[in-house]
Amino acid sequence: MSSLADFTTCELSDALVKLGLSHGGLLPDITIRSPRNGEDTRVCGPAYTVQMVWASDEAAPKLRAHFVDTAPAGSVMLIDAPPQAKNAVWGGLMTAGAKARGVLGVVISGRCRDLAEHLVAGFPVFARGQSTLGQSPFTRPSAVNVPLTISSPDTSGPHAFPAVTVEPGDWIVADMDGVVCVPTALQSKVVELAAKGREVDAKCMADIQSGRGIQETFAEHRGKPKL
Amino acid sequence: MSSLADFTTCELSDALVKLGLSHGGLLPDITIRSPRNGEDTRVCGPAYTVQMVWASDEAAPKLRAHFVDTAPAGSVMLIDAPPQAKNAVWGGLMTAGAKARGVLGVVISGRCRDLAEHLVAGFPVFARGQSTLGQSPFTRPSAVNVPLTISSPDTSGPHAFPAVTVEPGDWIVADMDGVVCVPTALQSKVVELAAKGREVDAKCMADIQSGRGIQETFAEHRGKPKL
Amino acid sequence: MSSLADFTTCELSDALVKLGLSHGGLLPDITIRSPRNGEDTRVCGPAYTVQMVWASDEAAPKLRAHFVDTAPAGSVMLIDAPPQAKNAVWGGLMTAGAKARGVLGVVISGRCRDLAEHLVAGFPVFARGQSTLGQSPFTRPSAVNVPLTISSPDTSGPHAFPAVTVEPGDWIVADMDGVVCVPTALQSKVVELAAKGREVDAKCMADIQSGRGIQETFAEHRGKPKL
């Protein structure tokens, strides 16, 4: 029996697009930072969400516990930071704490620091960028286990990429190609479609590697002349 | 007898600048993605061009064959995608098809996916970014063997970097430093100037490594006090 | 007795923030390019500053000597180029000259080229981007040993990251996490605070790795409930 963890993020995006999600679950431009060579790395687990806000935002809620201390074992930490923030919202002590609690990895719509420490710890870290600055006095955690709306900073106009809202517990899958969110309700359908897609792609790959044309191959195995 | 493939992209840009091309042939900010360590990688061949358009663009022409199936052996595939597109226009099956046809590599003004597959295949891929999303329903190939105008998304104003128009058959050279287009008509002059430039640079390098000042070295070998 | 070179850029930024510098000394988004694996690389030395200007800027001062020839041994070269420039302001011959003079490394708010040469030379290069184009006819060195104001190209509005002004002789420290400037006058205080910070962090790390909560750990060793 397959599970989400068996599939690449590309296979999962293909399934989500087939199910009508116009963004295919993609959280764009968040890339692998640790481990260095990511071919064998795939993080897959339910999202434990963390909302960072500007420290100057007095109106936003405050937390009573450290956001790492309340992360469940087996979860993937997903952090959303203000897009303009130049400071890191994740560092070496956070990786140590998350690892000790059994967190599988961290995905940051924002920056990380202490890269050497994550590499030594072998802890998977995905982020938009890096920094030497910590949270204080720039940003602070405001809420955990809340929906996060991850938007792309660099698109606007008619072709703007849609923001992806991640609910706590939605599945986060991250590998070399990027980070995808699979809504809990779609999990079994996505696994089913991804397994079918893989089967079809394997047939296509065998034919194409043997020198057969892609158009002819797609027409036979995908049942339509996909250009 | 030297050929374009003997020179680095930097040497070729220097020659093109000397010939009066204000952009030095550079297609900016397209970086090597596969293989991982690119020191020994240089792709050099005539451009087979592919224009991607938004899938919603009904007015743009349509192709009758898959764009990979019509790529000539020995060519370098050059793909131009809409700058805002967050989806990949190149993946593992495309690499398999291109490799089977003897295409030398792919240069994408846009995104790729299935990175692990390109690395395993040892197929050279240069791109602006990565994604988990495929073409559909975002973009589609519209034309092959047409001129492509590659522009820099992030410049404007008086110092905007000029767009580079690549004609089918123009030479594309790509290595660790970037991607350069050499117009067919300039090929022999570029080889000649790049060979001269290399000779001068080798003399400069020997002197500089031995501790001689750069200004004095340039004055002797370049014949002008270049600061 | 500790010195700046003993500390990571993150530890130094923490100390600078504690001393009231709102930018923590960070020159954002300048990343390590050479050597390839940067875990063991830390460049630390007084800044030898170089201001590049557009070549079309006739009003800006001109240099009488090549900017590399006048770099002192033991310094870190810090170069500021116009943010929009797509050309490199540093290449293989510059690395050879700088290495021959005993320069420790180069930090470029701008682009470099000839990456393979820096890697072979084992010379540390930090930059914002890469290119195949050299200086001419795009930019030129205008002044050395002048204050440089390094600003972040992509922020504006109320949360814009402050520009960092680097005086000649200020300390530049660069590693995998980024590049930090430590003003000369703050050097001894920064070393003192960074040493204290490291001691506290080491205690925190031991506790956190043993499974203790981060909040409790911070409360004990940092003396406040830092979330």
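Computed from a predicted structure; not experimentally measured. Below, chains carry the letters A, B, ... as their sequence lines are ordered, and counting in each starts from 1. Computed from heavy atoms alone, side chains included, the values below leave out hydrogens, waters and symmetry copies.
- Residues that satisfy the side chain to side chain donor-acceptor pair (under 3.5 Å) test with A:Thr184, not counting sequence neighbours, are A:Asp170.
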Query raised in the report: Are C:Met176 and A:Leu119 close enough, and set up right, to give a side-chain contact (heavy atoms from CB on, under 4.5 Å), and what steps lead you there?
Result: CA-CA 11 Å; C:Met176 281 186 88; A:Leu119 291 172; 3.7 Å; yes

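- Atoms CG and NE2, from A:Asp57 and C:His159 in turn, are 8.0 Å apart once rounded to the nearest 0.5 Å.
- Going from atom NZ of A:Lys86 over to atom NE2 of C:His23 covers 14.0 Å, rounded to the nearest 0.5 Å.
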Report task. May I have the step-by-step check of side-chain contact (heavy atoms from CB on, under 4.5 Å) for A:Ser131 and C:Leu26, ending in yes or no? Result -> CA-CA 8 Å; A:Ser131 182; C:Leu26 174 66; 3.5 Å; yes

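- The nearest pair of heavy atoms linking A:Gln84 to C:Ala160 is OE1-N, 4.4 Å.
- Both the backbone and the side chain of C:Asp201 come within contact range of chain A, judged by heavy atoms closer than 4.5 Å.
- Between C:Ser13 and A:Thr132, the side chains place a donor N or O and an acceptor N or O closer than 3.5 Å (distance only, hydrogens not considered).
- When heavy atoms are compared at a cutoff of 4.5 Å, A:Ser56 approaches chain C solely by way of its side chain, counted from C-beta outward.
- At least one side-chain heavy atom of C:Ile214 sits under 4.5 Å from a side-chain heavy atom of A:Met94.
- With a 4.5 Å cut-off on non-hydrogen atoms, C:Ser22 touches chain A through its backbone but not through its side chain.
- Contacts between A:Arg140 and chain C at a heavy-atom distance below 4.5 Å are absent for every atom of the residue.
- A 6.0 Å sphere centred on CD of A:Glu39 holds more than 12 heavy atoms belonging to other residues, nucleotides or ligands.
- C:Asp177 places no side-chain N or O within 3.5 Å of a backbone atom of A:Gln130 that could act as its donor or acceptor partner.
- Contacts of A:Ala100 with chain C are made by side-chain atoms alone, with heavy-atom separations under 4.5 Å and no backbone atom involved.
- Heavy atoms closer than 4.5 Å to chain A are found in both the backbone and the side chain of C:Asn37.
- Under the 3.5 Å distance criterion, the side-chain polar atoms of C:Gln215 are matched with a main-chain donor or acceptor of A:Arg64.
- Atom CZ of C:Arg222 and atom CG of A:Leu93 lie 6.0 Å apart (nearest 0.5 Å).
- Contact annotation for A:Arg101: neither backbone nor side-chain heavy atoms come within less than 4.5 Å of a heavy atom of chain C.
- Nearest approach of C:Val17 to A:Pro137, heavy atoms of both residues: CG1-CD, 3.6 Å.
- Of the listed residues C:Asp14, C:Val180, C:Thr8, the one with more heavy-atom pairs under 4.5 angstrom with chain A than any other is C:Asp14.
- For the atom pair CG (C:Leu12) and CG (A:Leu133), the distance works out to 11.5 Å, reported to the nearest 0.5 Å.
- Summarising the geometry, atom CG belonging to C:Asp29 is positioned 4.0 Å from atom CZ belonging to A:Arg111; distances are rounded to the nearest 0.5 Å.
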